[in-house]
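Step one of this worksheet: look at the structure below.
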Protein chains: 2
Amino acid sequence: MIQSVDRAMRVLAVLRGRRMSLGEMAGRLDLAPSTVHGIVRTLVDHGMVVQEPDSGHYRLGPATLQLGNVYLDTLELRARVAGWAPELARRTGCAVRAAVPLLLADRQEVVVVAHEPRPDGTRQMPEVGIVIPAHACALGKALLAFGPDPSGTLPSMTADTITDPAALAADLARVRATGIAAEAEEAVLGECGLAAPLADATGLAGAIGLVTPVSGWPLPASAVDALRDTARAVSRELGGAAWPPAEARSA
Amino acid sequence: MIQSVDRAMRVLAVLRGRRMSLGEMAGRLDLAPSTVHGIVRTLVDHGMVVQEPDSGHYRLGPATLQLGNVYLDTLELRARVAGWAPELARRTGCAVRAAVPLLLADRQEVVVVAHEPRPDGTRQMPEVGIVIPAHACALGKALLAFGPDPSGTLPSMTADTITDPAALAADLARVRATGIAAEAEEAVLGECGLAAPLADATGLAGAIGLVTPVSGWPLPASAVDALRDTARAVSRELGGAAWPPAEARSA
DNA sequence: GCAGATCATTCGACATCATCGAAGATTGTT
DNA sequence: AACAATCTTCGATGATGTCGAATGATCTGC
């Protein structure tokens, strides 16, 4: 691992939180201000960071947006999901989301890569790009059940977030048994959902899920069937050999 | 400028094009494969790059999407535009876009940060995150007219793209005189548009524009008025002192 | 089924290059 | 007007990234 590159990524990570002064970044990263300055200067040259002209503070730059957009455009999982999501949304009346795992050193999260709005014509915020702790949402639990073991802390998002490792393990066992993960107001108040894993040729590729307001919860069995059918269809298109995918339970 | 961080950014830039093998990246960057390996390994650890399990090739990773999303969420220009875009789209019947400049060493481009679909109910691809050469689109010309002088080459996108620096300079003079930039099939076949600069407290902040199929071109004078009014309103909300913004014609 | 090629990865020595602390410049504040 | 808090620059030090060659794995073609 190259030290300066690692530090540059840490700089971007802290800037994910909020705009910051150079000194604050240096303190947070426990580095000399001049060291951080050299790094951010390089990032500024590439558009990854911008410096506000008035305050001198730094924030993320437009080049990050371009990178994220390229990632989305080249993601086969997203393209395959896009072909099936409208019908799934129509059949279930729910919004449809797809996500891929974002496994970092100490954090297990999911990032939403596709979003089909609820088919009721209301105006909904596109949620592509948002990141959710894996243990707190159906998409994440579908990934954890068939992916690596949960590790790290389980931060609480709402009153119903599962924060006990044993309770989470029990929940994941249910997911493995049925192929379907559920979540009720564990990440966002008023939001519930189901999710199923997606397989590709190499194993676990992501997850697809339904999201509904708590008023529509629990979802009818027909929605579960539609979700499972769609997950199986998308997985086949992705080259997945089996569904649910084989459990790759290794660190 | 820190060498290894600069190289890491170049790696990401190369991966913007397409997935690649390690050797191909090394050749393109004129570096030793082992050097690139150390860099990409570090980027992989942070989720900025992923390695395809089967082929060993590298592609951009999900962390790029998160960064881009955070950038969007914290962009005040986007939030202000979002407040005015629906009405502008309704009044003009056009799709509305907003963009910010992406000024790198040798490339002058714009990146779209907001997109309000054409209000005809058709299904349209959200174009947030796409990057367009500044000289080839109305948004870019609105930025170039009130920003730094054009530099670098003028790549051709369509048969009507302005590739002659003198012709571009003449066009930009017209933009400065009227505050409105126009473009007809210069970036994408069948797409035309208008754009106006957006000012904030520090000067030029971005641009807002209308996009219409060529069948709706030219747009009526009422659309020009609506666009100018909106640009002025957004600029005032952003703290802009004057509209159009003062011309900061310095490299 | 074997040989060759191609690729990612590891390793170690060298010298470059990033790091750090202090000083300078600029701005906003009391 | 003096102070405080910024960002920024600079130069010496040695830690660290770079490179080339060797290794191992994978795939291709015969």
Side-chain angles (χ1 to χ4, degrees), chain A residues 1-15 17-61 105 200-203 239 241 248 250-251, chain B residues 1-15 17-61 105 200-203 239 241 248 250-251:
Chain A
M1 174 134 60
I2 289 170
Q3 185 187 57
S4 52
V5 176
D6 181 59
R7 289 177 171 177
M9 295 301 109
R10 281 172 151 59
V11 164
L12 292 178
V14 298
L15 282 177
R18 65 159 187 279
R19 64 189 55 166
M20 246 182 264
S21 74
L22 184 66
E24 185 174 2
M25 296 170 53
R28 226 170 257 260
L29 298 169
D30 202 34
L31 294 172
S34 57
T35 301
V36 179
H37 180 258
I39 292 171
V40 294
R41 182 62 166 272
T42 308
L43 293 174
V44 167
D45 285 345
H46 288 268
M48 298 291 289
V49 169
V50 293
Q51 183 173 25
E52 303 179 347
D54 44 358
S55 65
H57 287 198
Y58 293 94
R59 9 173 308 125
L60 292 179
D200 67 2
T202 63
S250 60
Chain B
M1 173 135 62
I2 289 169
Q3 187 188 54
S4 52
V5 176
D6 180 58
R7 288 177 171 177
M9 295 301 110
R10 280 170 149 64
V11 164
L12 292 178
V14 165
L15 283 177
R18 66 158 187 277
R19 64 188 56 163
M20 243 180 268
S21 72
L22 184 65
E24 185 174 2
M25 296 171 53
R28 228 171 254 261
L29 298 169
D30 204 32
L31 295 172
S34 57
T35 302
V36 179
H37 179 258
I39 293 170
V40 295
R41 181 64 168 271
T42 308
L43 293 174
V44 167
D45 285 345
H46 288 269
M48 298 291 288
V49 170
V50 292
Q51 184 173 23
E52 303 179 347
D54 44 357
S55 66
H57 286 198
Y58 293 95
R59 9 176 305 122
L60 292 178
D200 67 4
T202 64
S250 58

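Small disclaimer: the values here were computed from a predicted structure and weren't measured. Letters A, B, ... mirror the listed sequences (proteins, then strands); counts begin at 1.
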- Query: What one-letter contact string describes nucleotides 8-14 of chain C from 5' to 3', where B marks a base within less than 4.0 Å of any protein heavy atom, S marks contact via sugar-phosphate atoms alone, and - marks no contact?
  - Reply: SBB----

- Message: Within the 4.0 Å limit for protein heavy atoms, which parts of nucleotides 11-16 of chain D are touched? Write it as a string from 5' to 3', B for base, S for sugar-phosphate only, - for none.
- Response: -----S

- Query: Minimum heavy-atom separation for A:V14 to A:M20, with atom names?
  - Reply: O-CE, 3.1 Å

- Task: Please tell me which of A:D54 and A:D30 maps to the more 5' nucleotide of DNA chain C, matching each residue to the nucleotide holding its nearest heavy atom.
- Result: A:D30

- Task: Flag the pair A:M9 / B:M48 as yes when at least one side-chain heavy-atom distance between them is below 4.5 Å, and no otherwise.
- Result: yes

- Message: Could you tell me if the side chain of B:V50 sits less than 4.5 Å from the side chain of B:V44, heavy atoms only?
- Response: no

- Could you grab the distance from atom OH of A:Y58 to atom CG of A:L22, nearest 0.5 Å is fine? 5.5 Å

- Task: Enter the distance from A:E52:CD to A:H57:NE2 here, rounded to the nearest 0.5 Å.
- Result: 7.5 Å

- Message: Between B:Q51 and B:G56 (side chain of the first, backbone of the second, donor and acceptor by atom type, cut-off under 3.5 Å), is there such a pair?
- Response: yes

Rounded to the Å, how far apart are [X] [atom1] and [N] [atom2]?
X: B:D6; N: C:dA18; atom1: CG; atom2: P; value: 9 Å
X: A:M25; N: C:dT19; atom1: CE; atom2: P; value: 13 Å
X: A:I39; N: D:dG17; atom1: CD1; atom2: C1'; value: 14 Å

Counting only pairs under 3.5 Å, give me each side-chain donor-acceptor contact of residues 25-42 of chain A, with atom names and distances, residues two or more places apart or in other chains.
{"residue": "A:R28", "atom": "NH2", "partner": "A:E24", "partner atom": "OE2", "Å": "3.1"}
{"residue": "A:T42", "atom": "OG1", "partner": "A:G38", "partner atom": "O", "Å": "2.9"}
{"residue": "A:T42", "atom": "OG1", "partner": "B:I2", "partner atom": "N", "Å": "2.9"}

- Item | Results of salt bridge (charged side-chain N to carboxylate O under 4.0 Å, His left out) for A:R10 - residues two or more places apart only | A:D6

- Estimate the overall bend of the helix from C:dG1-D:dC30 to C:dT30-D:dA1 from the end axes over five pairs each, rounded to 10 degrees. 50°

- Query: By side-chain hydrogen bond (donor to acceptor under 3.5 Å, both in side chains), which residues pair with A:Q3, not counting sequence neighbours?
  - Reply: none

